[in-house]
Protein chains: 2
Amino acid sequence: MAAKRPAARRPTMKDIARRAGVSESAVSFALNDRPGVSEITRDRVRRVAEQLGWRPSTAARALSGEGAATVGFVLARPAHTLGVDSFFLQLVSGIQEVLARRHLGLLFQVAPDVEDECAVYRRWWAEHRVDGVLVVDPRTDDPRPDLLDELGLPAVVIGGAPDERHPGLSTVWADDAGAMAALVDALHALGHRRIVHIAGLPDLAHTERRIRALRAEAGRRGLGEVESVTTDYSDAEGAAVTRRVLEAPAPPTALVYDNDVMAVAGVAAASGLGFSVPADVSVVAWEDSALCRMVKPWLSALSRDSVEFGRTAATELTALLDGGPARTVRVPVPRLIERDSTGPVRPL
Amino acid sequence: MAAKRPAARRPTMKDIARRAGVSESAVSFALNDRPGVSEITRDRVRRVAEQLGWRPSTAARALSGEGAATVGFVLARPAHTLGVDSFFLQLVSGIQEVLARRHLGLLFQVAPDVEDECAVYRRWWAEHRVDGVLVVDPRTDDPRPDLLDELGLPAVVIGGAPDERHPGLSTVWADDAGAMAALVDALHALGHRRIVHIAGLPDLAHTERRIRALRAEAGRRGLGEVESVTTDYSDAEGAAVTRRVLEAPAPPTALVYDNDVMAVAGVAAASGLGFSVPADVSVVAWEDSALCRMVKPWLSALSRDSVEFGRTAATELTALLDGGPARTVRVPVPRLIERDSTGPVRPL
DNA sequence: TGCGTGCGCTAAAGCGCTTGAGTGGAAAGA
DNA sequence: TCTTTCCACTCAAGCGCTTTAGCGCACGCA
């Protein structure tokens with residue numbers, strides 16, 4: 001019979017001090033591994049704290065200048081893009097793994113757009129809520145680095161290119177250009193000359209990087225007919241663009257999609273038009289996930305370890321919070337996993 | 001040239017008090033809409049606060065007993081299940097929508113299992129981090145309600161059945177049993193008599209509800225041959241179970257999957273075995289998402305509005321935080337969207 | 001013996017906010 | 001006119017923790 005119990009009271013340092021027979025300051029010193037108490041007292045205090053199940057009140061800590069022990073993460077994407085994207089949950093789970101070890105909280109927020117995202121940062125900063133933030137989806141002309149700089153909020157940009165204009169920000173990035181080059185290599189070797197790149201949101205920095213890389217690689221090899229079409233990452237646009245380019249007079253023989261969702265939708269659209277994959281057209285997805293092995297044919301994909309990506313980002317942020325210098329770290333270039341959706345171009 | 005600026009200082013109530021020529025208490029009264037100041041002073045204080053860009057420090061608020069202005073959300077699922085599930089992001093985005101309006105933060109954590117989840121709650125409680133939590137994936141013999149009760153942490157259980165043993169917890173749930181009944185109705189009308197249910201994790205409460213409902217409905221109609229097989233929700237198990245049941249001597253004519261991912265994998269597995277959908281076997285997914293329209297044939301699915309589900313849950317939690325009574329609210333029964341993966345059973 | 005030194009500890013202030021107990025003055029009642 | 005009441009506002013304590021200053025003590029040294 002669960003009568004309405006009063007909520008248990010949280011033990012405070014005062015309780016510990018009383019039971020250990022020392023002052024609160026001594027307790028503070030002891031528990032924070034600061035000099036000022038003897039080892040024997042330290043041990044005793046530690047034991048009492050443990051026994052009482054004491055945990056520091058983040059509120060009190062934050063108030064006395066120690067920071068909020070929390071980092072922020074804002075996802076600013078149109079709501080309908082949120083659905084079937086495996087990347088973010090994986091990323092977040094990697095982030096958590098690192099943060100949890102240090103008992104750092106993750107304050108999460110989804111916002112409709114970057115402007116709102118900035119407002120969130122301002123609010124978090126003003127409210128003392130976070131000690132640092134993880135920024136995703138960096139853009140061309142991104143207002144966020146300037147803002148974070150202005151607020152003095154430690155931050156690591158995930159997926160941005162190195163940015164020497166903001167020496168205070170760490171960056172964790174994958175070399176999209178290198179991956180694109182390798183991809184074009186592989187497709188070229190299979191005989192593909194007409195490649196269309198169904199890209200993601202136009203103002204995302206990595207979209208631009210990929211588009212430029214494709215153009216550069218094509219130029220280097222004398223491939224005239226490459227094209228990048230930007231989309232909103234949705235299955236609907238992926239399918240629509242696929243239909244459009246395949247119905248052109250000289251359809252491409254290879255399609256590169258900036259995410260798995262569009263690639264899957266694209267394959268379906270291609271089949272609908274009578275194109276068989278990979279006989280008539282090869283398909284590569286930029287993000288590997290279970291999805292790529294859930295359709296027939298299995299999709300060839302550029303695979304990277306998103307969980308590890310998250311771990312790396314979180315590690316950089318903790319380093320920053322510890323007072324370390326901002327760094328730019330590159331994670332491994334995505335690897336092309338060749339499955340059944342890519343093949344040699346059909347001989348004429 | 002971004003020289004290292006000192007981080008801007010946050011204005012405090014003291015600053016406001018000085019500029020408005022009143023005491024800090026007056027400022028507090030004014031800004032919190034408490035009696036004790038005249039309307040004219042209140043206005044002046046408000047203006048100054050606005051002008052200074054003041055925001056209350058959550059740390060200080062929390063410390064003086066006001067709560068942390070944050071709610072917690074733990075996702076305890078094995079890491080590999082995290083990938084392609086549209087449900088949670090949608091749910092979270094609905095939750096956010098409501099929380100953001102009240103400037104409540106969402107502390108998010110992924111944990112490996114329920115035990116760790118409990119540890120997280122304890123820590124959050126001890127550290128004064130959250131005012132309440134949203135609990136997902138309620139289980140049979142769930143330790144969490146007892147714990148939350150013990151801690152006196154307001155909570156709403158998402159997807160649980162009404163639970164009269166924990167009058168302090170709110171519950172937001174969908175009537176799985178009703179949906180299952182409607183589904184069996186529909187399949188029965190199409191002539192299906194042998195139905196296999198590829199269910200989710202065995203100890204999830206809604207898994208059990210669905211299994212029981214299926215059995216009850218089958219019993220009511222004299223369908224002898226129904227079966228539920230529990231899985232881990234992964235595409236791999238979905239495919240494996242599909243193969244196993246279709247290779248049995250008298251294979252089912254309809255398959256009901258507890259999520260979209262398994263359904264898609266199941267269709268692929270069925271095709272691999274030479275079963276065509278829906279001619280040889282009908283397929284229904286319990287969760288609707290873009291995924292269901294990305295495969296051929298398009299999957300019939302039980303659809304519900306997960307974003308709205310999130311909104312409802314968050315609304316209940318805020319009500320609880322406002323001191324309201326715990327409630328049990330039912331969201332609309334999932335609707336069956338009939339697409340191309342269900343059809344009449346083939347005549348012998 | 002006296003003095004400086006360092007160690008182990010305590011006292012107290014302060015972080016930014018809330019809140020209950022005053023306080024002074026004007027308006028209302030006797 | 002004096003008291004009462006009420007209102008607008010101030011004071012000060014307190015939330016749980018960190019941190020600086022300082023205190024007493026034993027020790028080493030001259």
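Keep in mind that the numbers below use all heavy atoms, side chains included, and drop hydrogens, waters and symmetry copies. The shown structure was predicted, so the numbers you read here are calculated from the model rather than taken from an experiment. In what follows, every chain begins at residue 1, and chains take the letters A, B, ... in the order their sequences are listed.
Using a 4.0 Å heavy-atom distance criterion, Ser28(B) is classed as a base contact.
A distance-only check finds a donor-acceptor pair linking the side chain of Asp131(A) to the backbone of Ala68(A) [under 3.5 Å]. Side-chain atoms of Asp15(A) come within 3.5 Å of backbone N or O of Thr12(A) as a donor-acceptor pair. At distances below 3.5 Å, at least one donor-acceptor pair connects side-chain atoms of Thr58(A) with backbone N or O atoms of Glu127(B). Side-chain N or O atoms of Trp125(B) include one that pairs as donor or acceptor with a backbone N or O of Leu151(B) at under 3.5 Å. Panel note: side chain Arg42(A), backbone Ala30(A); a donor-acceptor pair is recorded below 3.5 Å. No donor-acceptor distance shorter than 3.5 angstrom exists from the side chain of Asp149(A) to the backbone of Asp146(A), with no hydrogens or angles considered. Between the side chain of Asn32(A) and the main chain of Ser28(A), a donor-acceptor pair closer than 3.5 Å is present.
For the segment residues 39-57 of chain A, residues with any heavy atom less than 4.0 angstrom from an atom of DNA chain D are, sorted by number, Trp54(A), Arg55(A), Pro56(A), Ser57(A).
Here the side chain of Arg61(A) is nearest to one of dC17(D), dA8(D), dG16(C), namely dC17(D).
Dashed line: the shortest gap from a side-chain N or O of Arg34(B) to OP1 or OP2 of dT19(C) is under 4.0 Å.
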inquiry  = Between Arg129(B) and Ser57(A), does the side chain to side chain donor-acceptor pair (under 3.5 Å) criterion hold? Intermediate values first, please.
reply    = CA-CA 8 Å; Arg129(B) 270 182 185 280; Ser57(A) 147; over 6 Å; no

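In this structure, a donor-acceptor pair under 3.5 Å is absent between the side chains of Thr318(B) and Thr315(B).
Relative ring orientation between Phe108(A) and Phe108(B) is described as tilted, the plane-to-plane angle lying within the 30° to 60° band.
With the end axes of the helix from dT1(C)-dA30(D) to dA30(C)-dT1(D) each set by five pairs, the angle from one to the other reads 60° at 10° resolution.
Inter-residue side-chain proximity for Val136(A) and Phe88(A) is flagged as met; some heavy-atom pair is nearer than 4.5 Å.
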Would you tabulate the pairs of protein nitrogen or oxygen atoms and nucleotide nitrogen or oxygen atoms of nucleotides 10-14 of chain D closer than 3.5 angstrom?
residue, atom, partner, partner atom, Å
dT10(D), OP1, Ser23(B), N, 3.2
dT10(D), OP2, Ser23(B), N, 2.8
dT10(D), OP2, Ser23(B), OG, 2.7
dC11(D), N4, Ser25(B), OG, 2.4
dA12(D), N6, Ser25(B), OG, 3.3

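Lys14(A) has its NZ atom 15 Å from the P atom of dT10(C), to the nearest Å. Straight-line distance from the CD atom of Glu66(B) to the C1' atom of dT19(C): 10 Å, rounded to whole Å.
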